[in-house]
Amino acid sequence: MTYDVPVAPGESADIEESTQLNADAWPMWEVFVRARRGISHVHIGSLHAPDDVTALENARDVYTRRGEGVSVWVVPSTEVSAFEPDAAAEYVEANDKVYRLATHYDIPEEVGQM
Amino acid sequence: MTPEEHFQAIVDAEDKIEPTDWMPEGYRKTLIRQIAQHAHSEVIGMQPESNWITRAPSLHRKAILIAKVQDEAGHGLYLYSAAETLGVNRDEMQELLHQGKHKYSSIFNYPSLSWADMGTIGWLVDGAAITNQVMLTRCSYGPYARAMVRICKEESFHQRQGYELLITLCQGSAEQKALAQDSLNRWWWPSLMMFGPHDSESPHTQQSMAWKIKRVTNDDLRQQFVDMTVPQAEYLGLDIPDPEIQWNPERGHYDFGEIDWDEFWRVVKGNGPMNRERVAHKVKAWESGAWVREAATAHAKKNKRARTAA
């Protein structure tokens with residue numbers, strides 16, 4: 001099935017979109033779920049809710065209907081800080097420093113597993 | 001390398017595009033259109049099924065149907081979130097749906113007239129959806145592809161419960177089997193229409209394929225669906241309402257008849273059996289829920305004030 005509903009003859013292909021922010025709209029929360037004991041919480045998605053309690057309840061209903069998690073965190077999306085996309089490369093990528101990698105070093109075979 | 005070339009290189013390498021990456025305006029617009037329509041389809045898709053919740057024949061079937069309708073709501077939420085990563089506002093998307101400016105899959109503009117439809121919708125409508133959505137898990141836009149992985153896992157439950165419901169009906173009384181046959185007669189063609197116009201009539205397919213938003217063409221997906229479904233209908237002992245259905249050993253596929261494209265376009269343009277009712281019901285649900293949203297907002301504000309004061 002295609003969810004791209006075809007454009008009927010005589011209709012415009014453009015659909016309306018707006019980025020206008022509604023002041024009364026509920027804030028967005030990022031949802032992190034720990035799938036089972038022993039592993040970290042992992043980002044699973046986001047949702048809207050008026051406050052943290054409702055956000056947690058909604059996160060449980062939306063993201064863990066089939067035992068996907070044993071623990072849920074919600075964080076206001078506005079509280080997440082990130083590098084600007086252009087700056088990210090500069091800070092995050094340091095692949096030129098090959099001497100940081102274990103595979104950079106040749107260890108003679110007779111030394112055995114290291 | 002221009003930003004456009006860099007973008008295409010990521011796509012060609014089967015890597016994913018993420019929200020903060022540069023992307024062509026056309027790519028962004030195509031995705032917003034498709035994800036919003038997909039989200040709206042999940043939400044409107046709750047209506048034909050919730051119609052039967054109160055009349056489910058057993059508590060077991062009722063619990064299944066409620067769980068399925070709840071999943072559809074969840075799918076809508078995953079998808080609205082994916083659309084929002086492209087910079088659109090969620091309330092605005094709702095508003096545009098209510099005004100009839102955003103569309104949703106035409107399949108939900110057909111009525112669910114009998115209990116057997118709860119089986120057929122799961123088997124055929126969700127079956128068709130899976131065919132499409134499995135392709136979309138490999139879509140180049142990360143948030144959309146990730147939402148699809150979650151959705152596909154859940155759709156499998158939807159399809160299997162529907163088919164099992166039909167097995168039960170088809171092994172029941174003659175009346176029950178007739179109910180199933182009538183349901184298949186009504187849903188077969190609309191299900192094939194879900195895959196959209198012929199490739200030759202689908203001008204945007206090529207661009208969507210180059211961007212890897214779409215990975216398989218409408219006609220190929222439709223053929224895949226027919227090949228999968230015909231043996232399943234045979235198992236049920238039901239007749240597909242198409243005299244031209246026949247195995248073609250040369251092609252290695254089933255041949256099938258031509259869709260009524262006049263009906264197809266009529267429904268797309270808003271004149272299907274249920275178009276007006278579906279949107280009117282959605283608006284009514286949104287408006288009758290207003291007091292809940294307002295109360296929750298007021299409660300959150302009050303609590304915040306109390307916490308700040310403490």
Side-chain angles (χ1 to χ4, degrees), chain A residues 1-31 33 42-55 57-68 76-77 80 82-89 92, chain B residues 20-22 29-30 32-38 41 67 70-71 74 77-78 81 84 87-93 96 101-107 125 128-129 131-133 146-147 150 153-154 191 194-197 201-202 204 208 214 218 221 265 268-269 293 296-297 299-301 303-304:
Chain A
M1 115 184 243
T2 175
Y3 290 100
D4 183 14
V5 180
V7 181
E11 285 184 341
S12 160
D14 284 336
I15 67 163
E16 284 195 43
E17 53 172 290
S18 166
T19 51
Q20 215 181 324
L21 283 178
N22 172 359
D24 290 333
W26 287 347
M28 196 193 274
W29 302 75
E30 300 302 324
V31 182
V33 171
V42 173
H43 184 247
I44 196 167
S46 57
L47 50 77
H48 289 265
D51 57 29
D52 54 352
V53 176
T54 320
E57 286 170 358
N58 289 358
R60 179 195 58 202
D61 291 346
V62 176
Y63 291 107
T64 63
R65 286 196 299 281
R66 290 179 174 78
E68 288 93 338
S77 304
V80 176
F83 288 120
E84 288 298 315
D86 289 344
V92 177
Chain B
T20 50
D21 291 336
W22 184 91
K29 278 187 182 302
T30 302
I32 290 174
R33 177 191 159 86
Q34 190 172 329
I35 301 174
Q37 287 176 344
H38 194 163
S41 301
Q70 191 190 7
D71 276 353
L77 291 174
Y78 308 154
S81 293
E84 280 176 295
V88 283
N89 175 276
R90 182 180 306 211
D91 287 353
E92 203 70 26
M93 281 187 273
L96 290 163
K101 290 177 180 166
H102 274 195
K103 289 187 175 172
Y104 52 86
S105 178
S106 284
I107 192 74
V125 176
T131 310
N132 183 58
Q133 290 177 152
R146 289 193 287 275
R150 298 182 54 77
K153 278 187 199 159
E154 301 178 350
S191 298
M194 288 171 72
F195 295 94
E201 307 285 319
S202 186
H204 303 295
S208 279
K214 198 179 176 71
N218 294 354
L221 283 172
W265 289 114
V268 166
K269 285 180 182 169
R293 293 190 298 276
T297 304
H299 181 73
K301 272 186 192 159
N303 272 2
K304 201 173 182 180

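The chains referred to below are lettered A, B, ... by the order of the sequence lines, with proteins before strands, and numbering in each begins at 1. Worth saying up front: this structure is predicted, and the values here are computed from it rather than measured.
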So for Ser46(A), is it side chain, backbone, both, or neither that comes closer than 4.5 Å to the heavy atoms of chain B? both
So for Asn58(A), is it side chain, backbone, both, or neither that comes closer than 4.5 Å to the heavy atoms of chain B? neither
Engaged part of Arg150(B) at the chain A interface, taking heavy atoms whose separation is under 4.5 Å: side chain
Contact part of Gln70(B) toward chain A, heavy-atom cut-off under 4.5 Å: side chain, backbone, both or neither? both
Check whether more than 12 heavy atoms from other residues, nucleotides or ligands sit under 6.0 Å from atom NE2 of His43(A), and answer yes or no. yes
Sidechain N-carboxylate O distance under 4.0 Å for Arg65(A), Asp71(B): yes
When Lys304(B), Met93(B), Glu84(B), Arg146(B) are compared by non-hydrogen pairs under 4.5 Å with chain A, the top option: Glu84(B)
Under 4.5 Å, counting heavy-atom pairs only, tell me which of Ala147(B), Ser106(B), Ser202(B), Ala296(B) racks up the most with chain A. Ala296(B)
Nearest heavy atoms of His48(A) and Trp26(A), plus distance in Å: ND1-O, 2.8 Å
Identify the two heavy atoms, one from Pro50(A) and one from Ala300(B), that lie closest to each other, and give their separation to 0.1 Å. O-CB, 3.4 Å
Would you find a donor on one side and an acceptor on the other, under 3.5 Å apart, between the side chain of Ser41(B) and the backbone of Ser105(B)? yes
